[in-house]
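Throughout, a chain's letter reflects where its sequence line sits, starting with A, and its residues are numbered from 1.
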2 protein chains.
Amino acid sequence: MTSQCWPLNRWMWQVTKREGLAWDGGAKEFNWHPLLAVTGFIFLQGIAIVVYRLPWTWKCSKLMMKLIHAGLNVLAFILAVISLVAVFDFHNVQNIPNMYSLHSWVGLIAVILFSLQIVLGLCIFLLPLSPGYLRAAFLPIHVFSGLFIFTTVIATALMGITEKLIFGLKDPKYKDSPPEATFVNVLGLLIALFGALILWIATRPSWKRPSEQLLHTLHNNEPLSDATKTDTAMSERQDPNTEARKRNGKTEE
Amino acid sequence: MTSQCWPLNRWMWQVTKREGLAWDGGAKEFNWHPLLAVTGFIFLQGIAIVVYRLPWTWKCSKLMMKLIHAGLNVLAFILAVISLVAVFDFHNVQNIPNMYSLHSWVGLIAVILFSLQIVLGLCIFLLPLSPGYLRAAFLPIHVFSGLFIFTTVIATALMGITEKLIFGLKDPKYKDSPPEATFVNVLGLLIALFGALILWIATRPSWKRPSEQLLHTLHNNEPLSDATKTDTAMSERQDPNTEARKRNGKTEE
């Protein structure tokens, strides 16, 4: 029994050993980097991307959903910046050069693009001054760049995992497949799977938030106006999965 | 002058040194792996994804475009498999374990998903027996999984570059940023940029291949029928970038 449990015990020991957090320039300060990057830059950003599309948020006003979307993204950005400060500080204390790896290049580009995305998004979609035609023209770019940045961050995380397992595992090495390597590889697969799920939800027509007019009509149990009927008919023609949206609409009511 | 050229000379030497190809179980056999993976699994697959959407292919028949799309993907798959054989053979000769890294896990999953994608695509979209409703139901899944596999392969390449630069550069090391490291990092950025371009083209409504009926009408300079007019009107309502498509259509004529 003991010999069977050995790999598990060893993994528990290794994870526990690496798991601590501190701000002392040592390995425990480094640990803030993956922790905040994954929870903030991947998990929160992913939730922010699909928050409009979850049917139980359709009852909330568009403005509130915009504020939640922006708030989650700003929080993700703050956590990403703290995660960067942690790794730069760790490198400086340990005399490890900064910004030499492809992981660091792609990651920094993602943070810069993300900051631009947030500033432009706030100015164009939240400031009441911006004209409607500008919002309409910028929306497809905003959506594409948001999904692209999210995907880039996931690729960056997978490169970071690769680096950390090569540098961090010494005896046994990464190539010897110790339990910690298998565990972190599985974590990498789960991150990729989370990315796939977010991209799926974000690109399905059936998960798209219905128009405000249609939502208003559904909420008030009003008969559909001619304009709303036309809108609905157009949506049905555009969208082969309208049945799913109808079901979601009914559930929401 | 000589001292200024030194980094360039050194890089040329290093690239030349690593550039050779052979099938001898040594480092030159390994080189087939990134070469075929990038040219086949990334470049050819990327071209296969957007080949329907390039306006100068709209004049070709749908069947011919399907055959080109399938042919390029099958070629990409063959090159990906040869690239796998090269790296497995290299590992076996050099006594390096196979399949321990996240790069290898994600890469193998991508190859398996790609083979499934090709088999299902051939059976559903090329076999004349498959019913129309099946094609319509499967198309969104085929498109999403195609783009997801392509993105996964790019993430795998970035992990592979990270691994190779850490293991391959010894004196100076990767962290010392020798010219070869900078060069290969830039190659990684170019791969990511290529991925962004393919994803942009593949998701823009204005690059979508028009319906066969509309193409037939445009080719024959026939006046638009009522049905075609309705189709065109629907497209315009769905698609804010119809102007671009109109321009492309005119150019093609």
Original post:
How close do A:Y174 and B:Y100 get, heavy atom to heavy atom, and via which atoms?
Top reply: O-CD1, 3.4 Å
Original post:
Highest number of heavy-atom pairs under 4.5 Å with chain B: which of A:V106, A:D176, A:L165, A:L189?
Top reply: A:L189
Original post:
Between atom NZ of A:K164 and atom CG of B:L102, what is the distance when rounded to the nearest 0.5 Å?
Top reply: 15.5 Å
Original post:
For atom CZ of A:F43, is the number of surrounding heavy atoms from other residues, nucleotides or ligands below 6.0 Å larger than 12?
Top reply: no
Subject >> Contacting moiety of B:I109, where chain A heavy atoms sit under 4.5 Å >> reply: side chain
**OP:** Look up atom OG1 in B:T151 and atom CZ in A:F148, then write down how far apart they are to the nearest 0.5 Å.
**Re:** 9.5 Å
Original post:
What's the spacing between B:I166 CD1 and A:T162 OG1 if we round to 0.5 Å?
Top reply: 8.0 Å
Original post:
How far does OG1 of B:T156 sit from CG of A:L158, to the nearest 0.5 angstrom?
Top reply: 8.0 Å
Subject >> Gap separating the CD1 atom of B:I161 from the OG atom of A:S101, nearest 0.5 angstrom >> reply: 12.0 Å
Original post:
Roughly how far apart are B:M99 CE and A:N185 CG, rounded to 0.5 Å?
Top reply: 9.5 Å
**OP:** Below 4.5 Å from any heavy atom of chain B, which atoms of A:A196 appear? Answer side chain, backbone, both or neither.
**Re:** both
Subject >> Atom of B:P97, atom of A:K175 and distance for their closest heavy-atom approach >> reply: CG-O, 3.2 Å
**OP:** Answer with side chain, backbone, both or neither: which region of A:T152 has an atom nearer than 4.5 Å to a non-hydrogen atom of chain B?
**Re:** neither
